[in-house]
Amino acid sequence: MTQSLPPLNTLWHAQSSQKTLEDLKTDRAVGLSSQEVDARSRHYGRNEIEEGAGRSSWQILLDQFNNIMLILLIAVAIISGVLDFIDLQTQGTTQSGIPFKDTIAIMSIVILNGILGYLQESRAEKALAALKQMASPQVRVLRDGQFSEVEAAELVPGDIMLLEAGVQVSADGRLIEASNLQVRESALTGEAAAVNKQADAQLNEETPLGDRANMVFSGTEVLQGRGKVAVTATGMATELGKIAQMLQSVKSEPTPLQQRMAQLGNVLVTGSLTLVALTIGIGLLQAGWGRLRELVEVSLSMAVAVVPEGLPAVITVTLALGTQRMVRRNALIRKLPAVETLGSVNTICSDKTGTLTQNKMVVQEVDTVEATYRVTGEGYAPQGEFKNDNRAIEPQNNTPLQELLLASVLCNDAVLQQEDNSWTILGDPTEGALLALAGKAGFQAETLNPQYPRMGEFPFSSERKRMSAICELSDPTSCISTETQYALFAKGSPELVLERCTAYQGDNNEQSLTDEQRQHILNANNHMAERGLRVLGFAYKPLREVPEATEDESTEREMIWLGLVGMLDAPRPEAKVAVQHSREAGIRPVMITGDHQLTAMAIARSLGIAKEGDPVLTGSELEKLSQTDLEREVERVNVYARVTPEHKLRIVRALQKQGKFVAMTGDGVNDAPALKQADIGIAMGITGTDVSKEASDMVLLDDNFATIVAATEEGRVVYTNIRRFIKYILGSNIGEVITIAAAPLIGLNAVPLTPLQILWMNLVTDGLPALALAVEPPEPDVMRRPPFSPRENIFARGLGSYIVRIGIIFAIITITLMVWAYNQAQLSGDPNRWKTMVFTSLCIAQMGHAIAVRSNFRLTIEMNPFSNPYLLVAVAVTTALQLMLVYVPFLRDFFGTQILSAQELLICLAFSSLMFVWVELEKLFIRWFHSRS
Ligand code: ATP
């Protein structure tokens, strides 16, 4: 039965939490019913901020024309129009017969280019936005009396939402419970400092937003503690919705490559203007004003030829395709520059738990001071036995064991669930494994939590490496034999918990801890850790009163030691292969973990990250090192243990100082600075906090180390392909410019190519094959060579000289053909056919170039022609289009071409194929040269 919908225009901070729950018609222990959620969802809509303040469509369209190369083309169109206008005025007709043809054609291409660029960019933005959506936060809610995780967009007013450290708050709400809750509200208030939150405060109506301590707001981040919230506003009704412009929306930042291309545009435009000035200047000096008209036409053609009109679009498409291929391999790119820089990564710093291991914990061993127990059973199923010396025992008859199991249930935030015969957990797998362990002895959270209500807690953090819960001992049948009303149950890193203990729980009574016993416990810990087990220490302490949330240090001392629990978290089998691949690819894997050094080392050895006897650096050792010493150490250390997020930041900085290009993983709220500092910050898609995802460049959808290596491979492929089509496109541009400039110099009294024909070549005959080259499959050695420096110039490693060399060869071939054809044409009395031959052979030569440029070293006959079918299609389509320009009458008129005889066409083909032959010969030469050195 659904109730009537609550009004939401209340000043929630000014009333008690109880009244809030009543007004919202919800219940703190049960939450809303599913029907109620449906009804509210229909009424209030989805919890989404409508359309972020990204670039508007107009902005994207206008940005397309904010490009110096397009401005140059517009100038060419105008000058060409003026020339036609003068012709019309003086001769009553224009040279081409169709007035303003070039102007209209160039302007159409400028506009078309703008529209294409716009479509591609807005598609890329949408794709990025969709990718972001995939990483949208999940929220833990209480509905129908059950905890579950739902998508943030499904929240409705009245939902009871749970908050914990690292979560991004997804709706506005009134706190009904809060424990040590600290929230960063900078997204809303601009104030970076953490704000303390309290559920029981009742505030003045006028209290400003930043001081509403009993409320949380959408878009803010939980830094510490936990809370329970009744949702009061969702979607556009939230404070964030009201100021949606402030929302940090999807921004497509220009990648380093796009920036370099913009610079290249400037160089090309300046260069071409200089060339134009020179040609006109020299021409005028040679022949006087009489040739001005012809010189201006040559200049216009040169200006169009120098601009690689198709290049920006091809680059955008390549990057967008790269992100799509990566997401298919479970790497979600959040910031576009990461696509092209990933290939340069030479150090991957990875967490252990979940990334290198499976994060499916099973307790294998329990050690109280007086006995060791093996635990049987699989997965999270609470079924199994406790064995001592191979004999099954009853845990209920053993005081320290019983107390340890009680602690593992009470000091626990996970939920164990049974779904169709399989047991799953909600929350931290370490805690899930403890619930399963306790279940094997009949200790269940559902019965124990109400018996021992939690009155307070000191939450877990990667810095504290421990957690304590303070519970009330109202039950006289309690297995805790103390006269106090409360007890603290602690669990965490064994060394840290043991340090804070003065006694231990024996079979019959408490005993004080001697140095020998401490050593015995540490030895037992090491013994488990050496086998790769993740070990937690347990303790408890009777309390007379509930301590304040800030009194952790003074309360978590003089505790009574209960024992150790060792759980297996097996390495991921695919991680071992990925480690090997990354080494072959010149990428060094480094493990940085909060876990014990022996556990870390055992896992690192089994994965091949470290060898027997390799050094491990622990957080406390690292603390004693100066940054300069650390810079030296990072060269040899591959395993860091017991580190805190702050240490991670120092490690990245030290590695970067050593010239490394670092990818680093992180999941916690405090990992954000290290993720931002790393060259590629990687967050975990499954276990990662919202805050870490927000700070990252890439999110691993499967939390898997192997995915990082796969993404670096894709990054390398993208970069290689970009270089490949730049080679292809720019070589042709240079060839065109030289050919055009050469015509008047060698005395041919005409411009060989019109601006329209050049545009056709640059956009269509160069553009289509370039797009196909962008999806060229990886070369076999892509992951068998070291990464290239991210700081290298795009023209490095011979690319620049290749472009100039190929441009010159291109020009030599075409000029030779041009001279021959020109002379033939003069003889045959048809003075313009040679131009069509030059035009055709330039286009066809590029087809041969496209096929040959696929590999730097492999000859075309050594490659499978069908491994890039797109290229075959592109070459076939482009050749057909080019022939249509020559043989379809109306296209011929428009493009100013002449029909070619079969013999002339064959001559064009013969000259064009020289280009292909040249590139293949170059490969043979390079191979020969390499074999000698
Ligand atoms: P990684 O950094 O590789 O993910 P990790 O999970 O061991 O490894 P942290 O989450 O920082 O790193 O945990 C550090 C230590 O804190 C663990 O080794 C364990 O001893 C302790 N610990 C982990 N989870 C809990 C928990 N839920 N409650 C109490 N202590 C914990």
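Both ligands and their constituent atoms are indexed starting at 1 by order of listing. The analysis underlying the following values was restricted to heavy atoms, covering all of them including side chains, and did not include hydrogens, waters or symmetry mates.
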Leu223 side chain reached by Val183 side chain, heavy atoms, under 4.5 Å:
no
Mind checking whether Asp595 has an N or O less than 3.5 Å away from an N or O of ligand 1?
yes
Counting only pairs under 3.5 Å, give me each side-chain donor-acceptor contact of residues 676-684, with atom names and distances, residues two or more places apart or in other chains.
residue	atom	partner	partner atom	Å
Gln677	NE2	Gln656	OE1	2.7
Asp679	OD2	Gln656	NE2	3.2
Asp679	OD2	Val662	N	2.7

Between Gly666 and Leu675, the two heavy atoms sitting closest are N-CD2, 3.6 Å
Where is the nearest protein heavy atom to atom 11 (O) of ligand 1: which residue, which atom, and how far?
Ser462 OG, 3.1 Å
Nearest heavy-atom neighbours spanning Asn704 and Glu574
ND2-OE2, 2.7 Å
Closest to atom 18 (O) of ligand 1 by heavy-atom distance, out of Lys465, His596, Arg642, Met684, is Arg642
Any nitrogen or oxygen of Asp428, side chain or backbone, less than 3.5 Å from one on ligand 1?
yes
Which pair of non-hydrogen atoms, one from Asp367 and one from Ala524, has the smallest distance, and what is that distance?
OD2-CB, 3.9 Å
What pairs of donor and acceptor atoms, side-chain ones from residues 442-450 against any protein atom, are under 3.5 angstrom apart with sequence neighbours left out?
residue	atom	partner	partner atom	Å
Thr447	OG1	Gln444	O	3.0
Asn449	ND2	Ala445	O	3.4

Suppose we measure from atom 3 (O) of ligand 1 to each protein heavy atom; which comes out shortest, and what is that distance?
Lys352 N, 2.6 Å
Shortest non-hydrogen pair, Gln182 vs Ala194, comes out as OE1-CB, 3.7 Å
Could you tell me the residue and atom name of the protein heavy atom closest to atom 30 (N) of ligand 1, and the distance to it rounded to 0.1 Å?
Gly492 CA, 3.4 Å
Under the criterion side-chain contact (heavy atoms from CB on, under 4.5 Å), I'd like the reasoning laid out for Asp351 against Phe705: C-alpha separation, chi angles, the key distance, then a yes or no.
CA-CA 9 Å; Asp351 283 344; Phe705 178 80; over 6 Å; no
State the atoms of ligand 1, each with its element, that fall below the 4.0 Å cut-off from a heavy-atom position in Ser493.
20 (O)
Is there a polar contact, in the sense of an N or O pair closer than 3.5 Å, between Phe460 and ligand 1?
no
Between Leu536 and ligand 1, which part of the residue brings a heavy atom under 4.0 Å of the ligand: side chain, backbone, both or neither?
side chain
I need the nearest protein heavy-atom contact for atom 2 (O) of ligand 1: residue, atom name and distance, please.
Gly594 N, 3.0 Å
Are any of the N/O atoms in Asp667 less than 3.5 Å from those in ligand 1?
no
Given Arg534, Lys648, Glu431, Met361, identify the one with the heavy atom nearest to atom 6 (O) of ligand 1.
Arg534
Taking atom 29 (C) of ligand 1 as the reference point, the nearest protein heavy atom with its distance:
Lys491 O, 3.4 Å
Between Asp703 and Ile686 (side chain of the first, backbone of the second, donor and acceptor by atom type, cut-off under 3.5 Å), is there such a pair?
yes
Pick out which of Glu403, Glu370, Gln402 makes a side-chain contact (heavy atoms from CB on, under 4.5 Å) with Gln505.
Glu403
So is Met591 touching ligand 1 or not, going by heavy atoms under 4.0 Å?
no
In this structure, atom 1 (P) of ligand 1 is nearest to the protein heavy atom Thr593 OG1, 3.5 Å
